[in-house]
Protein chains: 2
Amino acid sequence: MDADKVFKALGDATRRRLLDLLCENNGQTLGQLCENLDMARQSATQHLEILEAANLVSTVKRGREKLHFINPVPLHDVYERWVRKFERGRLSLLHDLKRELEGE
Amino acid sequence: MDADKVFKALGDATRRRLLDLLCENNGQTLGQLCENLDMARQSATQHLEILEAANLVSTVKRGREKLHFINPVPLHDVYERWVRKFERGRLSLLHDLKRELEGE
DNA sequence: ATAATATGCAGGCAAATACCTGCATGTCAA
DNA sequence: TTGACATGCAGGTATTTGCCTGCATATTAT
C-alpha cells in the first residue's frame with residue numbers, strides 16, 4: 001500500500017464523494033458518476049485516475065463503457081497502520097493533553 | 001469534525017511523520033520536532049499549523065516554548081465515518097470487483 | 001541589563017493541483 | 001455504413017501547496 005497516494009486521494013471532497021457514490025451503487029460508468037458531480041467530465045476522469053492510482057478504485061472496460069468498482073483493501077490498510085496505532089494509546093494521549101491544558 | 005481538513009492534513013508524509021513523532025513522545029516542543037525533520041523550522045511550523053487547524057494536534061505555551069500534543073479524536077471520527085462504512089460492505093465490495101474482473 | 005534561545009510574522013518562488021476547452025478515438029444501433 | 005454516444009488525449013490557466021530567507025518578538029540565564 002502506498003500510504004501517500006491513499007491519503008492524498010482521500011484528501012479531496014470530490015473523490016470522497018465518488019467513493020460514496022460507488023458505495024451506494026458499485027460498478028457505475030464514468031457517465032453515471034458525472035451526473036452527480038457538477039463538473040466537467042474530464043475533471044471527474046482525473047479524480048478517478050487518482051483514485052485508481054491509489055488502488056481505491058478498479059475499472060473494467062465493457063464495450064464503450066468503463067465500469068468503476070471500489071477496492072476496500074487500501075482503506076483497511078490505512079486503518080491498520082494509522083488509526084489503530086493511535087486508537088491503542090487513545091486514552092493516555094487524551095490524558096496527556098487534558099493534564100497539560102489544565103495547567104499540569 | 002472537518003473531514004476535509006483532517007484528510008488534507010494526513011495527506012502529507014511530513015505531517016504523518018510529525019504525528020508518529022508525537023506518538024512516540026507526546027508533548028514535544030517545536031525545536032525538538034524540527035530535529036527529526038530535515039527542513040527549515042518555518043516549514044515545520046506550517047505543517048504543525050495545518051495539523052492544529054485539523055484539530056489533530058493541540059498546543060500549550062510554556063514560557064518561550066510551545067508544546068505539541070496529539071488529539072486522537074479526529075482520527076477516531078475518520079475511522080467511524082470512512083473506514084467502518086466500507087468495512088461493513090467490504091467482502092461484498094470485493095466480490096463485485098472479483099466477479100467483474102473474471103468476466104462476470 | 002544583555003546575550004542566548006525559542007518561537008512568530010511576512011514575503012517570495014517553484015511545483016503541484018483542480019479546474020477547464022477542444023479535438024480524437026472507439027463502439028453501438030438504425 | 002453512418003450517426004449518436006461513451007470515453008481518451010492534449011494543453012492551458014488560476015489557485016494552492018511546500019519550501020525557503022530575513023527580520024521581529026518574547027523568554028530565560030548569566
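Residue numbers begin at 1 in each chain, while the letters A, B, ... track the order of the sequences. The analysis underlying the following values was restricted to heavy atoms, covering all of them including side chains, and did not include hydrogens, waters or symmetry mates.
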[N] [atom2] sits how many Å from [X] [atom1], rounded?
X: Glu52(A); N: dT7(D); atom1: CD; atom2: P; answer: 13 Å
X: Asp12(B); N: dT16(D); atom1: CG; atom2: P; answer: 18 Å
X: Met39(B); N: dC20(D); atom1: CE; atom2: P; answer: 6 Å
X: His47(B); N: dT17(D); atom1: NE2; atom2: P; answer: 12 Å
X: Leu33(B); N: dA6(C); atom1: CG; atom2: P; answer: 13 Å
X: His68(A); N: dA6(D); atom1: NE2; atom2: P; answer: 14 Å
X: Asp4(A); N: dG18(D); atom1: CG; atom2: P; answer: 10 Å
X: Leu51(B); N: dT17(D); atom1: CG; atom2: C1'; answer: 15 Å

Where the side chain of [X] is concerned, which of [options] is the nearest nucleotide?
X: Ala40(A); options: dG8(C), dT21(C), dG8(D); result: dT21(C)
X: Glu65(A); options: dA6(C), dT7(D), dA4(D); result: dT7(D)
X: Leu30(B); options: dA18(C), dT5(C), dG8(C); result: dG8(C)
X: Lys8(A); options: dG8(D), dT17(C), dT28(D); result: dT17(C)
X: Lys61(A); options: dG8(D), dA4(D), dC19(D); result: dG8(D)
X: Arg64(A); options: dC28(C), dG8(D), dT7(C); result: dC28(C)

Do you know which two heavy atoms are closest between [X] and [Y], and how far apart they sit?
X: Ile70(B); Y: Phe86(A); value: CD1-CE2, 3.5 Å
X: Arg15(B); Y: Ala9(B); value: NE-O, 2.8 Å
X: Met39(A); Y: Ala44(A); value: SD-N, 3.9 Å

Output one line per pair: protein atom, nucleotide atom from nucleotides 9-13 of chain D, and distance, for all N/O pairs under 3.5 Å.
unit_1: dC9(D); atom_1: N4; unit_2: Gln42(A); atom_2: OE1; d: 2.6
unit_1: dC9(D); atom_1: N4; unit_2: Gln42(A); atom_2: NE2; d: 3.1

Between the CG atom in Leu10(A) and the CH2 atom in Trp82(B), the distance rounded to the nearest 0.5 Å is 7.5 Å

Hey, could you give me the CZ/CG distance between Arg17(A) and Asn36(A), rounded to the nearest 0.5 Å? 5.5 Å

Hey, is Asp12(B) close enough to Arg16(B) for a salt bridge, meaning N to O under 4.0 Å? no

With a 4.0 Å limit, can you tell me whether Ser43(A) has a side-chain N or O closer than that to the phosphate oxygens OP1/OP2 of dC20(C)? yes

Are Phe7(A) and Phe7(B) near enough that their ring centres are under 6.0 Å apart? no

